[in-house]
Amino acid sequence: MTDLPDPLSPEYQAQRRAVIRQRNRVLGLLLAFFAILFFAITIAKMKM
Amino acid sequence: MTQAASLSLPADWRDFYQLTKPRVMTLVIFTGLCALLAAPGHINPVLGFTAMLCIAMGAGGAAALNHWWEADIDAGMRRTQSRPIPSGRMARSSARDFGIGISVASVLIMGLAISWLAAGLLAFSIVYYAVIYTIWLKPRTPQNIVIGGGAGAFPPLIGWVAVTGDVTLMPILLFSIIFMWTPPHFWALALFVQTDYAKVGIPMMPVVAGEASTRRQILLYSAILLPLSLAPCLIPFAQGGAGWIYGLAATVLSGGFFLLSIRVGLRRPTGPEDKLKPEKQLFFWSIIYLFALFGALVADRWILAPGL
């Protein structure tokens with residue numbers, strides 16, 4: 001049987017924070033991408 | 001949820017990416033893009049990119065809903081045990097919310113940026129895959145692969161409509177080609193790869209109807225696919241029909257597909273020592289088939305009528 005991680009251990013907490021930080025970074029990039037895309041769509045639709 | 005799952009780390013962004021079934025999406029994006037490039041007319045590159053993004057997001061959303069609904073089934077099969085939900089890396093509700101979120105977003109963006117007809121077709125394709133196929137018919141009928149093929153056939157229809165703005169015979173033919181291609185493609189694979197579907201109660205054709213019946217049906221669908229793949233050549237080129245490049249490619253590709261299907265359809269495996277070579281050849285030919293056929297469609301439009 002594998003050892004379960006201790007949720008209060010500093011290693012686990014550090015890993016958890018790293019995963020959440022990465023997720024937030026990707027979400028931020030996606031939001032920025034969609035903001036730029038909507039801007040580009042607006043310009044493209046204005047040209048039509 | 002198990003103790004191991006409750007103590008595991010939160011879902012990584014890669015887990016959400018995995019929910020979208022990126023490998024399946026390759027086909028969705030390719031066929032959708034080919035239809036978008038082959039359709040008569042012009043679309044602004046930004047809007048074309050947006051249409052493709054919406055098709056990919058819609059497919060990803062439907063796939064995430066499939067993960068959500070089939071989490072218990074996935075846990076019982078070796079091939080799918082490591083997926084984000086059965087492995088305990090992600091809560092089931094997260095997959096559901098993610099799936100609904102990107103599905104709704106894809107339909108809204110498609111409607112606002114491209115056309116509401118394309119958005120309606122996209123919405124229907126998501127409901128078709130997530131509800132009609134995954135929830136309703138997949139666990140109930142051995143024809144599930146045939147029904148599921150309908151979901152994979154929508155992208156070229158949507159891509160075409162994004163450019164032309166209406167549903168004509170040509171995109172319906174492209175839909176029908178993928179629809180008829182799917183059963184022989186998957187059943188050929190099912191004949192040489194042992195899956196755990198029987199264990200989890202999913203009625204796959206080779207398990208329920210037997211191998212001989214599956215082989216006959218492979219032959220039947222391939223026989224229908226042969227004339228169907230040539231039908232785009234009958235539509236006038238100016239109205240979006242295919243030209244001689246596609247016609248030549250379809251003849252060679254569908255002819256090969258049919259010949260391989262005859263070999264698979266009429267043979268009986270000799271036993272455990274049988275390497276099932278014709279089945280493997282048919283499966284790999286079917287992959288080349290679809291990519292080459294849709295590639296030829298684009299080559300036709302871009303080489304024979306670059307300005308049309």
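No hydrogens, no waters, no symmetry mates; every other heavy atom, side chains included, goes into these values. Chain letters run A, B, ... following the sequence lines, proteins first, then strands; residues in each count from 1.
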Stepwise side-chain contact (heavy atoms from CB on, under 4.5 Å) check, L53(B) with L37(A): CA-CA 11 Å; L53(B) 183 70; L37(A) 181 68; 3.6 Å; yes

Residue pairs fulfilling ring-ring contact (aromatic ring centres under 6.0 Å, His included) with at least one residue in residues 35-61 of chain B, sequence neighbours excluded:
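For residues 35-61 of chain B: none.
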
Tell me, for A11(B) versus chain A, whether the close heavy atoms (under 4.5 Å) come from the side chain, the backbone, both or neither.
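Both parts, heavy atoms under 4.5 Å.
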
### Message
Is D12(B) close to chain A through its backbone or its side chain, or both, or neither, when contacts mean heavy atoms under 4.5 Å?
### Response
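Both backbone and side chain of D12(B) come within 4.5 Å of chain A.
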
Checking an interface table here. Which of residues 16-29 of chain A come within a heavy-atom distance under 4.5 Å of chain B?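 Near chain B, by residue number: R16(A), V19(A), I20(A), Q22(A), R23(A), V26(A).
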
Do L112(B) and I41(A) come close enough that some side-chain heavy atom pair is under 4.5 Å?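 The answer is no; the side chains never approach within 4.5 Å.
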
Open item on the list: Taking the side chain as everything from C-beta on, heavy atoms only, tell me whether T50(B) gets closer than 4.5 Å to F38(A).
Closed with: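 No, their side chains stay 4.5 Å or more apart.
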
Can you name the closest pair of heavy atoms from I114(B) and K45(A) and give their distance?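 Nearest pair, atom of I114(B) first, then K45(A): O-NZ, 4.3 Å.
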
Note to self: Going by side-chain hydrogen bond (donor to acceptor under 3.5 Å, both in side chains), name the pairs with one or both residues in residues 104-127 of chain B, residues two or more places apart or in two chains.
What the structure shows: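 Residue pairs with at least one partner in residues 104-127 of chain B: there are none.
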
Answer yes or no: does atom CZ of F39(A) have more than 12 heavy-atom neighbours from other residues, nucleotides or ligands under 6.0 Å?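 Counting neighbours around CZ of F39(A), 12 or fewer heavy atoms of other residues, nucleotides or ligands fall under 6.0 Å, so no.
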
Checklist entry - Using non-hydrogen atoms and a limit below 4.5 Å, what part of residues 58-66 of chain B faces chain A? => result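 Near chain A, by residue number: none.
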
